[in-house]
2 protein chains.
Amino acid sequence: MFDLIRVLKEKGYKVTPQRIAVYDLLKGTKEHPSADMLYNKLQPLYPTMSLATVYKSLEVFKELGLVQELNVGEDKFRYDANARQHPHITCSCCGKVEDVDDEMFFDLLEQVSQKTGYELVNQKLYFFGYCPQCQKNKVSGVS
Amino acid sequence: MFDLIRVLKEKGYKVTPQRIAVYDLLKGTKEHPSADMLYNKLQPLYPTMSLATVYKSLEVFKELGLVQELNVGEDKFRYDANARQHPHITCSCCGKVEDVDDEMFFDLLEQVSQKTGYELVNQKLYFFGYCPQCQKNKVSGVS
DNA sequence: TTTGCTATTGATAATAGTTATCTTCACAAT
DNA sequence: ATTGTGAAGATAACTATTATCAATAGCAAA
């Protein structure tokens, strides 16, 4: 199991309640929240926490390779406590962001590398469409 | 052949020298420029053109489906006069943005759609790595 | 446990890309 | 030619993010 506290200590970062709170919240959700979404959710429990602290915590986690930053075409970033690169899909109707199973992408990187001559180090794959839920609502909702 | 002037007229937009200039510049380059890169390149020929006009022109082109907006993880957008969705690759060393041939992606969308249940309408695929040029420089440059 | 060093927090100012506002201008239709 | 309207240019406003800085708190050493 992954232990934030150990990693922070190992790398010479201090263990603070704020960092633990931000990380735990991100770790425990699948909704790929943005910084201000995290901030708002933390407000009730940590009413003194600053938005800047949320940003700075995320910055540290990025450096440590504990989270990844997503850009799904909004004017802000979203964050994922699963730092392993994997594709995401966004519902153009409700704005939800979900993970996509990435088994099917294994060959892809090799192919891209061969075609382009690049030495690949990373990729960001975003898909957009209408989620099953919104497809239903669309059919039943509008006559 | 594609005719900007006709499309603008058809959709009720005015044909202006500024719009033509922005579009022609974007159409004629492969470097996927940002708004300010376009602005700077236009300065010598159109010294009175405003940055706001560049943005507004791009906005119109997006609406008309003539260009697409890219986000390769910078704090600004880049633009591509090829509005057909296709993957891009960015060199993490020199910052260059290039097109990737998308033949290999045809099955992918079907697979993603099946796995997720989404009705897909779009996708943004970004790859990151070191371009052939920077790989060479790296080897020969640093001893 | 106490002390002292220093990273971190919280509050807020600054930054930068983009968008909105508003006045003036250009062009098309009458 | 005149008039109406969309567009341009200049600049203010907006917003997510980053930088600044004094006060605080984690942590190592005594």
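To find a chain, count down the sequence lines: A is the first, B the second, and so on, and within it residues start at 1.
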In whole angstroms, the gap separating P of D/dA8 from NZ of B/Lys14 amounts to 9 Å
Here the distance between atom P of C/dT9 and atom OH of A/Tyr39, to the nearest Å, is 14 Å
note: A/Ile20, atom CD1; C/dT9, atom C1'; distance rounded to Å ~ 15 Å
Here the distance between atom P of D/dC27 and atom NZ of A/Lys11, to the nearest Å, is 17 Å
C/dA26, OP1 or OP2 - any side-chain N/O from B/Gln18 closer than 4.0 Å?
no
task: Kindly say if B/Ser50 contacts the phosphate of D/dA8, meaning a side-chain N or O under 4.0 Å from OP1 or OP2.
output: no
Letter by letter from the 5' end, nucleotides 14-23 of chain C scores (B base, S sugar-phosphate only, - none; protein heavy atoms under 4.0 Å) ---SSBBB--
### Query
Do the side chain of A/Ser113 and the main chain of A/Leu109 share a donor and acceptor less than 3.5 angstrom apart?
no
Rounded to whole Å, the NZ-C1' distance (A/Lys9 to D/dA28) equals 12 Å
- For the pair B/His86 and B/His32, name the ring-plane relationship: parallel under 30°, tilted 30 to 60°, perpendicular over 60°. tilted
To the nearest angstrom, the OH-P distance between A/Tyr13 and D/dA28 comes to 16 Å
State whether A/Thr53 places a side-chain N or O below 4.0 Å from either non-bridging phosphate oxygen (OP1 or OP2) of C/dT8.
no
note: A/Glu74, atom CD; D/dC14, atom P; distance rounded to Å ~ 21 Å
**Prompt:** Donor-acceptor pair, A/Gln68 side chain versus A/Arg84 backbone, under 3.5 Å?
**Reply:** yes
Ranking C/dG10, C/dA7, D/dG9 by distance to the side chain of A/Met49, first place goes to C/dG10
To the nearest angstrom, the CZ-P distance between B/Arg19 and C/dA26 comes to 16 Å
So does B/Glu69 pair up with B/Lys62, basic N to acidic O under 4.0 Å?
yes
| task | Look at the side chain of B/Gln135 and the backbone N and O of B/Tyr130, then say whether any donor-acceptor pair between them is shorter than 3.5 Å. | result | yes
Subject >> Distance test, side-chain N/O of A/Thr48 to OP1/OP2 of C/dG10, below 4.0 Å >> reply: yes
Exercise. Any link between B/Val67 and B/Leu70 through a network of hydrophobic side chains (Ile, Leu, Val, Met, Phe, Trp, Tyr) touching at under 4.5 Å?
Worked result: no
Is it the case that the ring center of A/Tyr118 lies less than 6.0 angstrom away from the ring center of B/Phe127? no
